[in-house]
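For reference, the structure is listed below as structure tokens.
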Amino acid sequence: MTQVDPTARVARGAELGEGVVIGPWCQVGPEVKLADGCVLDSMVLIEGCTEVGPRARFHHGAVVGTAPQDLKYSGARSSVRIGAGTVFREYATLNRATHEGESTEVGADCLIMAYAHVAHNCILGDRVILANSVNLAGHIEVGDWAIIGGVTPVHQFCKIGVHAIIGGGSRVPVDVPPYVKAAGNPLRVFGLNSIGLERRGFTAEARAELAKLYRIFFRSNLLVGEALDKIRREIPPLPEVEMFVRFIEASERGLARPGKRG
């Protein structure tokens, strides 16, 4: 049974699924779609053309679907899509995209912690974690299972690969490859996210081949193209290896480089 607190304001045209709960002083715009089981705790604002998957939860003061903080924005009809089971903690914010027909997207089962910000045109995969006060500028892509530690700004157009983990208090002005640990200012890579990969069920073979890949790419002093050629010659084309290679080939902002212990 859907529940709407008497103090909440749900605009005509909004679509509410079964079991949706909208708490005190929340505001829901006319183009918002909330799937079954979504919960808005209190003083949550969701507006714009925003579609939210089942069981998503928005804690006190979260703001989603508002106009982008982009001087190029001129009122275009853009959108937001949020996957099932994703959680926005207190005062987290997310803006819709800048241009007509574009979208800002957050996948399923993500955790966006308190005061984090997801700017226009960002694309987050599934099970992403943004810790407290992470700030994503526009057009950032974050792969599945990536974790970004608290109080970390990420520069516009950067890409963060799948299963990467970035330490808190870092600054991210470049792309972070899949599967690695990175931290600091300047940002440096410090090895594979080995514990995360094991916990997420990567096979021993895949982890061993990624370790070889890491040594070739980050520790051989080869140029990027030379390192990729060596990886293709010497490492079996496992899906994990292919994903790493494709990420490197597509990078446009440059890559985080290894630290002294990486």
**Item:** side chain to side chain contact (heavy atoms under 4.5 Å, CB included) between Glu15 and Glu51, intermediate numbers included
**Value:** CA-CA 9 Å; Glu15 298 182 19; Glu51 184 172 348; over 6 Å; no
**Asked** Would you say the side-chain atoms of His60 and Ser42 include a donor-acceptor pair closer than 3.5 Å?
**Response** yes
**Request:** Give a yes or no answer on whether the side chain of Ser133 reaches the backbone of Val151 with a donor-acceptor pair at less than 3.5 Å.
**Result:** no
**Prompt:** Are the side chain of Thr86 and the backbone of Gly107 linked by a donor-acceptor contact shorter than 3.5 Å?
**Reply:** yes
**Message:** Lys159 vs Phe247, test: side chain to side chain contact (heavy atoms under 4.5 Å, CB included). Steps then yes/no.
**Reply:** CA-CA 9 Å; Lys159 295 178 174 61; Phe247 183 97; 3.9 Å; yes
**Message:** Any side-chain to backbone donor/acceptor pair from Glu226 onto Leu223? Under 3.5 Å, distance only.
**Reply:** yes
**Item:** Thr98/Asp70 under side chain to side chain donor-acceptor pair (under 3.5 Å): CA gap, chis, key distance, verdict
**Value:** CA-CA 7 Å; Thr98 296; Asp70 185 346; 2.9 Å; yes
**Prompt:** Between the side chain of Asn185 and the main-chain N/O of Leu187, is any donor-acceptor distance below 3.5 Å?
**Reply:** no
**Item:** Between CG on residue Leu228 and CD1 on residue Ile216, distance to nearest 0.5 Å
**Value:** 10.0 Å
**Prompt:** So, for Phe244 and Tyr214, is the gap between ring centers shorter than 6.0 Å?
**Reply:** no
**Request:** Would you confirm whether Glu100, through its side chain, and Arg77, through its main-chain N or O, come within 3.5 Å as a donor-acceptor pair?
**Result:** yes
**Item:** Donor-acceptor pair, side chain of Asn193 and main chain of Val180, under 3.5 angstrom
**Value:** no
**Request:** Please confirm whether the backbone N or O of Ala206 pairs with a side-chain atom of Glu209, one donor and one acceptor, at under 3.5 Å?
**Result:** no
**Item:** Parallel, tilted or perpendicular: ring planes of His163 versus Tyr179, cut at 30 and 60 degrees
**Value:** parallel
**Prompt:** Counting N and O atoms only, with roles assigned by atom type, does the side chain of Thr2 sit under 3.5 Å from a partner on the main chain of Gly17, one being a donor and the other an acceptor?
**Reply:** yes
**Message:** Any side-chain to backbone donor/acceptor pair from Tyr73 onto Ala76? Under 3.5 Å, distance only.
**Reply:** yes
**Message:** Is it the case that the side chain of Asp175 and the backbone of Leu255 share a donor-acceptor pair, with hydrogens and angles ignored and the cut-off at 3.5 Å?
**Reply:** no
**Item:** side chain to side chain contact (heavy atoms under 4.5 Å, CB included) between Val128 and Trp145, worked out
**Value:** CA-CA 5 Å; Val128 169; Trp145 292 97; over 6 Å; no
**Prompt:** Of all heavy-atom pairs between Gly259 and Phe190, which one has the smallest distance, and what is that distance?
**Reply:** CA-CE2, 3.8 Å
**Request:** Indicate the ring-plane relationship of His139 and Phe157, choosing parallel, tilted or perpendicular according to the 30° and 60° boundaries.
**Result:** parallel
**Arg81/Glu105 ion pair, N-O < 4.0 Å** = yes
**Asked** So Ile112 and Arg89, side chain to side chain contact (heavy atoms under 4.5 Å, CB included) or not? Walk me through it.
**Response** CA-CA 6 Å; Ile112 314 300; Arg89 292 304 305 253; over 6 Å; no
